[in-house]
Amino acid sequence: MGKKAVAGVSADAQPLLEKSPTKKRLSSELTDHSAKRQRIEARTDHGRWRLRDDQGRQSWVYLEDDKAAKEWPQSFADKYFLGLPVDAPELPKPTNPLDAVRNGLEFFEKLQLPSGHWGCEYGGPMFLLPCIVIAWYVTKTPIPWYYATEIKNYLFARAHPEDGGWGLHIEGETSVFGTSMNYTVLRIVGVDADHPVMVKARATLHKMGGATHAPHWAKWWLAVMGVAQWDIVNPTPPELWLLPDWVPIAPWRWWIHIRQVFLPMSYLWSKRWQAEETDLIRSLRNELFVEDWANINWASHRNSINPRDNYHPKTWVLNTVNWCLVNIWNPVLRTRAIAQKGEEWAMKLIEMENENTDHADLATVSGPMNTVCLYVKEGPDSYAVRRHRERAHEFLWMKDEGMLANGTNGVQCWDTAFAIQAVMDAGLTEDPRWRPMLMKALEFLDDQQIRENVKDQDICYRQQRKGGWAFSNKDQGYAVSDCVSEALKSVIILQKTPGFPTLIDDRRIFDAIDTLMTYQNPSGGCSSYEPPRAGTWMEVLNAAEVFGNIMVEYEYPECTTAVVTALSLFRKHWPEYRREEIDRFIERAIKWIKTAQKPHGGWYGSWGICFTYATMFALESLASIGETYNSSDYAKRGCDFLISKQREDGGWSEHYRACETGEYIEHPSGSQVVMTAWAVIALMKADYPNLEHIKSGIKLIMDRQQSNGEWLQEAIEGVFNKSCMISYPNYKFTFTLKALGMFARKYPTETVV
Ligand code: LAN
């Protein structure tokens, strides 16, 4: 149990219990959730969980009532996500790739959700659940016992088997960020500090220096809780939002995610708001730190950080800026009037974000932070707080291990677009067997297209989005270049297939194109949510420590290719519309793709792991203008790079550390189906002449397919900001099917088994 004894731990483990009923309360609304102990059980009955799909809004419901459970039986997808037996029928063993596609689709079709989309767990990052749970705690939001129970189960299942800590993401090494945050979550949901899991985690945390050595975001959350003091948090002044737009560092120029996180951070930092003190908070002050809490010199730990958390050390520029803010700006120059103006404008922007997303907010960090801001500003029962509370459920996911937080409010539009394309690549869109599934998917994309720009787009610094699609759903409503592109391709493909209706008319297609055309950077490459608004030098102000490439938009081969292929497809069907601009766009984009090739021949991937993922996209871009292995040195070098990484069993297996280091690294667990699919897709796109390499990859994918048509989960597939991994479980269906289908169409006479 660390260095110090923790007084009264058992009772303190009752986080929502005020021990002494006579204790003076600051507000009467406390009574509700502080009066009872958080109920927590060994496990819930997994047969009672259901995934509700309300037009693409997902939330997990626990049916405590027998009658309700009977009336709403568990679906195949519910059971699959929960790891319960699904009894999918055994299928005839495929003798060729196309039959393997059919078997895969038999299984995958059953995972399509009622509104027509595919969903799945979207976990990986280990700092998201803490955002939600701490926000619940400080806003006195009751946590249902079945959530508390399953959150505990998930975190217990994910504790590092040796040191008992948690990392930045599920496959990462233990860090102060992961451990201090998830330890806090476990205490909030009712786990006793004496529990062996907690004792072990605490010992590890203390060995790493305790929570004084946590990165910025953890310090911020602990300060909000009142477990740490605000002086330990590096400054995030809201008055930065008052800078005129022309100022090169003005926050409107930052990457949308860091902008939306900085916003609520700056608001609460400026207010130095802290939650009401409870026994749990007092207890955590003893548990999370190595030093005696009362004697900690908080300001001296602003820059303390354990090396494991310090992926992107702060630059001397940022340290100097912070020093000036702490020692000159805050104490001497920052008048109350300036602070107030900054807070007011930050709050206005938060309110606009809430209005634009109906309180779903951009993602799982800013959403919970905004909830706290609104709680502070408007009080516990305001509409904004209640709506935020409702929407928080859409970020939670239930699986066999327990309950986790997803990176966004789902993967709806993204995975649905790839599902459609997998059928298309296999040439099966006209097969009546898949028509109902595809029809539902098309209807979903029709419903989810964003029809208008946000209100006052320029005031809240948003990007044009009309006609686009978000990664998740239209409620969240942030169009992303590649999400728009993949959805648009899928819609065009289906609507041009005989037998499918035109749900999305030309005007709406043109809207999507108009929005896509805004994403090109002067270099020719495309970024994610917005074209870059400042140079990459802004990274010198990266204060997050745990992430890289977070301050501004970059150009990505993945996004660039998605846009190029969408425009190319569009151009075939509508050769007149903005023709010259589109031609020029594509030409410039591919020029940029060429410049982004690494000396070893591969491309660095920012959203999937890593060189394998991006090389697939880059080779597709080149192929779209007819540059393939035999005709293009770029394509040849890309293929040679991939071939040099093929393993003896025919597969590929890149490790996530490649994203962190920028060097290709082999995964110790051997070939992965998703990675193998990416590599063979790339080789096929580039017309790689030696078929044996492609065939051995295809064979590996077929060999790994189960007799019911599914593939099993392997290593994590995705990444963001270089250091944090994120799961894309549907990729083991969509990309395997795409690879097999492409092979079947391209080499119809070839056999692999
Ligand atoms: C995502 C998810 C989707 C992803 C793709 C569409 C796959 C990509 O091609 C473009 C970028 C995008 C939209 C993306 C950006 C960053 C996200 C939103 C995430 C990886 C999901 C979670 C992550 C977000 C930043 C997590 C919150 C953490 C912060 C550092 C703010």
Side-chain angles (χ1 to χ4, degrees), residues 120-132 168-169 177 181 215-218 220 254-265 311-312 360-370 395 405-418 463 465 468-473 476-487 519 525-530 542-563 566 605-610 613-614 616-617 659 716-728 730-731 734-735:
C120 59
E121 164 194 355
Y122 191 41
M126 289 304 284
F127 56 94
L128 302 175
L129 197 50
C131 297
I132 295 177
L168 180 65
H169 57 90
F177 194 15
M181 291 284 91
H216 191 218
W217 292 12
W220 184 89
W254 302 355
W255 188 45
I256 186 72
H257 280 280
I258 200 67
R259 198 156 97 213
Q260 291 294 14
V261 168
F262 181 82
L263 192 57
M265 263 191 161
Y311 176 72
H312 189 283
D361 295 345
L362 173 60
T364 325
V365 180
S366 57
M369 288 179 170
N370 287 345
F395 290 84
N406 281 345
T408 52
N409 58 337
V411 297
Q412 298 85 328
C413 292
W414 183 248
D415 277 359
T416 303
F418 282 123
Q463 159 82 1
R465 64 171 199 174
W469 280 267
F471 177 73
S472 56
N473 60 19
Q476 189 252 15
Y478 276 86
V480 186
S481 65
D482 53 358
C483 302
V484 180
S485 303
E486 300 300 350
Y519 282 104
C526 297
S527 37
S528 59
Y529 295 80
E530 295 157 348
N542 177 349
E545 294 152 327
V546 289
F547 305 114
N549 285 9
I550 196 172
M551 290 305 291
V552 285
E553 283 275 5
Y554 290 77
E555 300 102 335
Y556 308 105
E558 301 97 307
C559 297
T560 308
T561 299
V563 181
S606 296
W607 310 114
I609 299 168
C610 172
Y613 183 67
M616 167 180 72
F617 284 101
C659 307
I716 202 156
E717 304 85 355
V719 60
F720 57 90
N721 302 120
K722 297 179 101 171
S723 59
C724 192
M725 305 307 132
I726 187 156
S727 310
Y728 288 82
N730 280 335
Y731 283 2
T734 48
F735 284 102

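Order of listing sets the numbers, starting from 1, for every ligand and every atom in it. No hydrogens, no waters, no symmetry mates; every other heavy atom, side chains included, goes into these values.
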Excluding sequence neighbours, so at least two apart, what forms side-chain contact (heavy atoms from CB on, under 4.5 Å) with A562? D482, S485, E486

side-chain contact (heavy atoms from CB on, under 4.5 Å) against H312, all qualifying residues, sequence neighbours excluded: E539, N542

Please report the C-alpha distance between D361 and S366 in whole Å, then the side-chain angles of each, then the deciding distance to 0.1 Å, and finally whether the side-chain hydrogen bond (donor to acceptor under 3.5 Å, both in side chains) criterion is met. CA-CA 7 Å; D361 295 345; S366 57; 5.4 Å; no

Test side chain to side chain donor-acceptor pair (under 3.5 Å) applied to R259 - qualifying residues, sequence neighbours left out: E530

Between ligand 1 and the protein, which N/O pairs fall short of 3.5 Å?
residue: ligand 1; atom: 9 (O); partner: D482; partner atom: OD2; Å: 2.2

Verify whether the ring centers belonging to W607 and F720 lie closer than 6.0 Å. no

Please lay out, stage by stage, how I716 and I609 fare under the test side-chain contact (heavy atoms from CB on, under 4.5 Å). CA-CA 8 Å; I716 202 156; I609 299 168; 4.0 Å; yes

